[in-house]
Amino acid sequence: MDKSKRKFIGLAAVAGVGAVVPKVAFPHEEFSGYPDGYGVLHDTNLCIGCRSCEAACNEVNGLPAPDQPFDDMSVLEKKRRTNHKTYTVVNEYKTSESPELPVFRKIQCNHCLEPACASACFVGAFTKTPEGAVVYNPSVCVGCRYCIIACPFNIPAYEYNEPLTPRVIKCTLCQPRVKEGKLPGCVEACPQEALIYGKRDNLIKIARERIRKYPDRYVDHIYGEHEVGGTSWLYLSGVPFDEIGLRTDLGNTPAPELTCGALAMVPIIVSLWPALLGGIYLTTKRKEKIAHHEKTTAVNDAIAKTQAEAAAKAKVAVEKAKKDKEFAIAREVKKALAEAAKQSGEEKK
Amino acid sequence: MTNPISPVKRPLLCPFNVITGIIILIGLPLTFMRFTGGLGAVANINDTNPWGIWIGFDLLTGVALAAGGYVTGAAVEIFGMKKYHAALRPALLTGFLGYSMVVFALLFDVGRPWRLPYMFIFPGTTSVMFEVGACVMVYLTVLFLEFCPVALEWLGLSKLRKPLIRIAIPLTILGVMLSTLHQSSLGAMFLIAPSKLHPLWYSSYIPVFFFVSSIAAGLSMVIFESSLSHRNFGDMMDETHQASRDTVTLGFGKAASIVLAGYFGIKVVGVAYGNHWNLLLTHYGLWFQLEMLGFVLLPCFLYAIGVRDKNVKLIRITALITVLGIALNRLNITLIAFNWHLPADERYFPHWMEIGITVFVVTVGLVIFRFIVTHMPIFFEHPDYKGSH
């Protein structure tokens, strides 16, 4: 890689990650998350769909009471998503391999290493904390909902029925509890240890180990290790990930990289356009001036020429008239002489 | 000091005033509902489809169709095409009112509109939305300053008007720069969602597509708007304006034909770059082809034929087709081809009250437009300032 290209990528990284990662003195060519960030490993092979995590989440976060109680398992019959009352939901998936034995997956914010929501927010309401959580600050949020458009996992919800103080609603990875040294509510409540909280690096090691030990039980992939640049929430599965509602076509490009090229054009246009358009304006003006000058010169020349021609013509005409007059006089004189001669001849007779 | 025009008397109870009055009377309670019950009380937007027609039509289509201001400004002031001078003021007015209505509509759409200035206090510079917001706000100011001389001539404040006329060129350049930025950024906003926008519409070139198509939109809107104005406000036009009517239509039609040809070219490049030829015969592919062939290539040819045959009527119809095509494109990107992978019951369809508010916003714009052109020197030169701009 040549130096200028590397420099460009460095600048792009600053442009893209700058707001997400404060104080990046020497931008890396590639940002791969805070080194000591925490996350959660969700092993869907262990999940029994008991909804304990949902109940715990609701309780520790003081969320509104659910429409149906948490021990009502009939809600699993329908595909659900996070909404303004819930940070997390568990869905049931019928898979191709074992239709009679469903797989459960917990859905919540994946706490991306380079979050699309944070990159998209025009007032910087989202922050990726060094601990791992992507947190939302409702005190600056304008409510444009671009974060919801940007999120590849369709996670953030909005208080659409709140007239004056609507907020974006999403999982906080229990940031306040983590700061107190506690586990996230859902992790603490899980009776199956289908959720493990820990340093993301360690979680990846644990996940790899499980895949290595039980290759017939797991798909050889840790979902979230690289997807959209990596997420703090990681998944293991025994069935293809797209069968448990996790899109496998998202790619590994972090969201900020998708827009940094377009944003990099802004300063170029700001600095180049005035010069370019000013230049065009001045060229046009000069052209007009030259055209005007040429026009006046041409008109003056034409006038002078016509005047000269007219003068010449007039002179010729005057001379001709003079000649005609002289000729007429001469003819009259001649005529008169002839007449006189004739008369005198007649008199002689 | 003779008045160059002889306006007809416009009665207060004319059909225009009655119809717009009814729409505004319906719009007011809808507005009340929006700000007492929240977005969900009037709009079908939800967690999966956070943006509806207020963004797809009012913002994206609105901004594209208000491009006539910068396009005409660039043609007349920067490229020196003085023969289109009569089109400048109507175009600037349409631009100014268009952007005002865009911002007005945004006040309905964003959750806490009174916080919009926060973008300058807590700027999220990594966001394309920040660029759009900042540019639209600054550009609205530029359009206001460009429009000011009209109001000042009307009010007879020639001392205030003079410095504004003097900075017309820098303002035009600033306007073109800001328009280049935000017209393209409106497209760039979707760069962050490759997994949600259909691949035929998603492209890393989408900012360029938006910018180029905004030029075609601006040119077509000037033609379309001028044909409507001639029908409705012919009495407000002086001889110069009347005489340059066909010149503007033919000239702008020619330019629009060329721009549409270029736009079609880069859109083909977009499909080729993504190698999405195989998608062209899917349902979405056919819809894409309808947009590209019916609303880009067809008007491109019709404009060319209209210009060749000096068929002003055909050019005007083509302008309408182009305007509809731009609206279709913006709606495809925000709503129709967005979340295309989701099942039908998770897709968005506007609520009638959402459409009602959009109609209300457009109507307010039309009423202000009508007031201004029937009172201020838009279609005629003010006798006191003849030839002074």
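A, B, ... follow the sequence lines: proteins, then strands. Residue 1 opens every chain. As a basis for the values below, the full set of heavy atoms in this structure was taken, side chains included, without hydrogen atoms, waters or symmetry mates. Small disclaimer: the values here were computed from a predicted structure and weren't measured.
- No more than 12 heavy atoms of other residues, nucleotides or ligands lie within 6.0 Å of NZ in Lys287(A), so this atom counts as exposed by the packing criterion.
- In summary, the aromatic rings of Tyr273(B) and Tyr205(B) are positioned with their centroids under 6.0 Å apart.
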Could you check Thr172(A) against Lys170(A) for side chain to side chain contact (heavy atoms under 4.5 Å, CB included), going step by step and ending with a plain yes or no? CA-CA 6 Å; Thr172(A) 61; Lys170(A) 79 164 200 67; over 6 Å; no

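- For Ala188(B), the parts lying near chain A are the backbone and the side chain together; criterion is any non-hydrogen pair under 4.5 Å.
- Donor-acceptor pairing under 3.5 Å is lacking for the side chains of His84(A) and Arg167(A).
- In this structure, chain B has no heavy atom under 4.5 Å from any part of Val228(A).
- Looking at every heavy atom in both residues, Val132(B) comes nearest to Leu186(B) through CG1-CD2, 3.7 Å.
- Within the 4.5 angstrom heavy-atom criterion, atoms from both the backbone and the side chain of Asn161(A) approach chain B.
- Residue contact with chain B, scored on non-hydrogen atoms closer than 4.5 Å, involves the backbone of Cys121(A) exclusively.
- Taking every heavy atom of both residues into account, Gln108(A) and Thr88(A) meet most closely at CB-OG1, 3.7 Å.
- Of the atoms belonging to Phe338(B), it is side-chain heavy atoms, and not backbone ones, that fall under 4.5 Å from chain A.
- Between Tyr139(B) and His182(B), the closest side-chain pair of non-hydrogen atoms falls below 4.5 Å.
- Counting heavy-atom pairs closer than 4.5 Å to chain B, the top-ranked of the candidates Val270(A), Ile169(A), Thr253(A), Thr82(A) is Val270(A).
- Shortest non-hydrogen contact noted between Phe211(B) and Ser214(B) is O-OG, 2.7 Å.
- In this structure, Tyr146(A) and Phe122(A) have side chains that are not in contact, with every pair of non-hydrogen atoms separated by 4.5 Å or more.
- Chain B forms more heavy-atom pairs under 4.5 Å with one residue of Ala125(A), Pro156(A), Cys151(A), Gly278(A) than with any other, namely Cys151(A).
- Cation-pi geometry between Arg145(A) and Tyr160(A) is not met: the NZ or CZ atom fails to fall both under 6.0 Å from the ring centre and inside 45° of the normal.
- Two residues are said to be in side-chain contact when any heavy atoms from C-beta on lie closer than 4.5 Å; Ile55(B) and Leu335(B) fail this criterion.
- You'll find the side chain of Met119(B) stays beyond 4.5 Å of the side chain of Val142(A), heavy atoms only.
- In terms of non-hydrogen atom pairs under 4.5 Å with chain A, the most contact-rich of Val128(B), Thr172(B), Ile169(B), Leu116(B) is Ile169(B).
- Residues of residues 30-38 of chain B that come within less than 4.5 angstrom of chain A, heavy atom to heavy atom, are Arg34(B), Phe35(B), Thr36(B), Gly37(B), Gly38(B) in numerical order.
- Contacts between Ile155(A) and chain B at a heavy-atom distance below 4.5 Å are absent for every atom of the residue.
- If you tally non-hydrogen atom pairs under 4.5 Å between each of Asn83(A), Leu272(A), Thr259(A) and chain B, the highest count goes to Thr259(A).
- Among the candidates Ile280(A), Asn154(A), Val140(A), Leu250(A), the residue making the largest number of heavy-atom pairs closer than 4.5 Å to chain B is Val140(A).
- Within residues 42-54 of chain B, the residues having any heavy atom closer than 4.5 Å to a heavy atom of chain A are Ile45(B), Asn46(B), Asp47(B), Thr48(B), Pro50(B), Trp51(B), listed by residue number.
- The most heavy-atom pairs under 4.5 Å with chain A, out of Ser204(B), Ser185(B), Ser195(B), come from Ser195(B).
- Nearest heavy atom pair, residue Ala41(B) against residue Met353(B), reads O-CE, 3.4 Å.
- No part of Lys285(A) comes within reach of chain B, as not one of its non-hydrogen atoms sits under 4.5 angstrom from that chain.
- Contacts between Glu162(A) and chain B at a heavy-atom distance below 4.5 Å involve the backbone alone (N, CA, C, O).
- Contact annotation for Glu77(B): only backbone heavy atoms (N, CA, C, O) come within less than 4.5 Å of a heavy atom of chain A.
- A donor and an acceptor atom, one from each side chain of Tyr223(A) and Thr248(A), are nowhere located under 3.5 Å apart.
- With values rounded to the nearest 0.5 angstrom, Ile333(B) atom CD1 is found 9.5 Å from Ser203(B) atom OG.
- Chain A forms more heavy-atom pairs under 4.5 Å with one residue of Glu346(B), Arg112(B), His341(B) than with any other, namely Arg112(B).
- The candidate with the highest count of non-hydrogen atom pairs below 4.5 Å against chain B, out of Ala255(A), Pro152(A), Ala116(A), Ala120(A), is Ala120(A).
- Of the atoms belonging to Thr283(A), not a single heavy atom falls under 4.5 Å from chain B.
- Classified by interplanar angle (parallel below 30°, tilted 30° to 60°, perpendicular above 60°), the ring pair Tyr118(B)/Phe122(B) is perpendicular.
- Here the side chain of Thr284(A) pairs a donor or acceptor atom with the backbone of Ile78(B) at under 3.5 angstrom.
- Residues Arg330(B) and Ser213(B) have side chains that bring a donor and an acceptor to within less than 3.5 angstrom of each other.
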